[in-house]
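Presented below is the structure to which this report refers.
As the structure is a computational prediction, the values presented were derived from the model and not from experiment. Basis for what follows: all heavy atoms, side chains included, without hydrogens, waters or symmetry-related copies.
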Amino acid sequence: MFGIPGKQAVSLTPAAASQIRKLMAKDGTTGLRLGVKKGGCAGMEYTLEYVSEIDPHDEVVEQDGARVMIAPMAQMFLFGTEIDYEVSLLESGFKFRNPNVVDACGCGESIKFDESLGAGG
């Protein structure tokens with residue numbers, strides 16, 4: 001992982017940790033795997049999927065009983081990201097505060113990373 005010894009790759013707010021714990025319990029999964037893929041108007045999109053097994057190449061982040069695995073190809077793009085879970089009148093979902101993002105589309109679903117990270121849009 002592209003990290004700092006003793007520091008987790010990503011952090012979870014209490015709301016995100018709570019929601020991930022609920023999802024893990026409801027679906028009987030090991031945790032959620034976070035990744036990125038090409039797509040969207042800004043070039044890249046976040047992905048989240050339930051997983052029952054931890055891939056040996058995943059970076060595992062455990063916080064307050066919640067477990068997130070970071071897919072190997074996404075690790076350099078996600079280091080330093082804070083994951084939150086927000087609920088509003090119209091929508092609810094995970095929000096990503098990622099210091100590596102240089103641009104995003106208007107709806108916030110699609111992002112662009114610095115070209116030096118290798119994820120040109």
| Results of side chain to side chain contact (heavy atoms under 4.5 Å, CB included) for Ser92 - residues two or more places apart only | Tyr85, Val87
| said: Show every salt bridge (Lys or Arg N to Asp or Glu O under 4.0 Å) that has at least one partner inside residues 47-57, sequence neighbours left out. | reply: Arg33-Glu49
| message | Going by the rule side-chain hydrogen bond (donor to acceptor under 3.5 Å, both in side chains), which residues pair with Arg21 if we only count those two or more places apart in sequence or in a different chain? | response | none
| Cluster overlap Ile20 with Val51, hydrophobic side-chain contacts below 4.5 Å | no
| said: Side-chain heavy atoms nearer than 4.5 Å, only ILVMFWY residues, links allowed to pass through others: does that put Val61 and Met69 together? | reply: no
| Got Leu34 and Ile83 here, is their nearest side-chain heavy-atom distance under 4.5 Å? | yes
| message | I want to check something: taking the side chain as every heavy atom from C-beta on, are Ile70 and Phe79 in contact at a cut-off of under 4.5 Å? | response | no
| Between CG of Asn98 and CZ of Phe77, what distance do you get to the nearest 0.5 Å? | 10.0 Å
| Non-neighbouring partners of Thr29 that pass side chain to side chain contact (heavy atoms under 4.5 Å, CB included), sequence neighbours left out | Met24, Asp27, Tyr50
| note | Going by chain and number, the hydrophobic cluster around Leu89 (ILVMFWY, side chain to side chain under 4.5 Å) further includes none
| message | Are Val60 and Leu32 linked, directly or through intermediate hydrophobic residues, by side-chain heavy-atom contacts shorter than 4.5 Å (ILVMFWY only)? | response | no
| said: Checking Gln63 now: which residues fulfil side chain to side chain contact (heavy atoms under 4.5 Å, CB included) with it, not counting sequence neighbours? | reply: Gln8, Ser11, Leu12
| task | Check whether any side-chain heavy atom of Leu78 sits under 4.5 Å from a side-chain heavy atom of Phe96, and report yes or no. | result | no
| said: If I take atom NZ from residue Lys26 and atom CD from residue Gln19, how far apart are they, to the nearest 0.5 angstrom? | reply: 9.0 Å
| task | Heavy atoms only: give me the nearest Gly80-Pro99 pair and the separation to one decimal. | result | O-CD, 3.4 Å
| Which residue pairs satisfy the salt bridge (Lys or Arg N to Asp or Glu O under 4.0 Å) criterion with at least one member in residues 67-83, sequence neighbours excluded? | Glu62-Arg67, Glu82-Arg97
| said: Quick check: closest heavy atoms across Gly35 and Ala71, and the distance to 0.1 Å? | reply: CA-CB, 4.4 Å
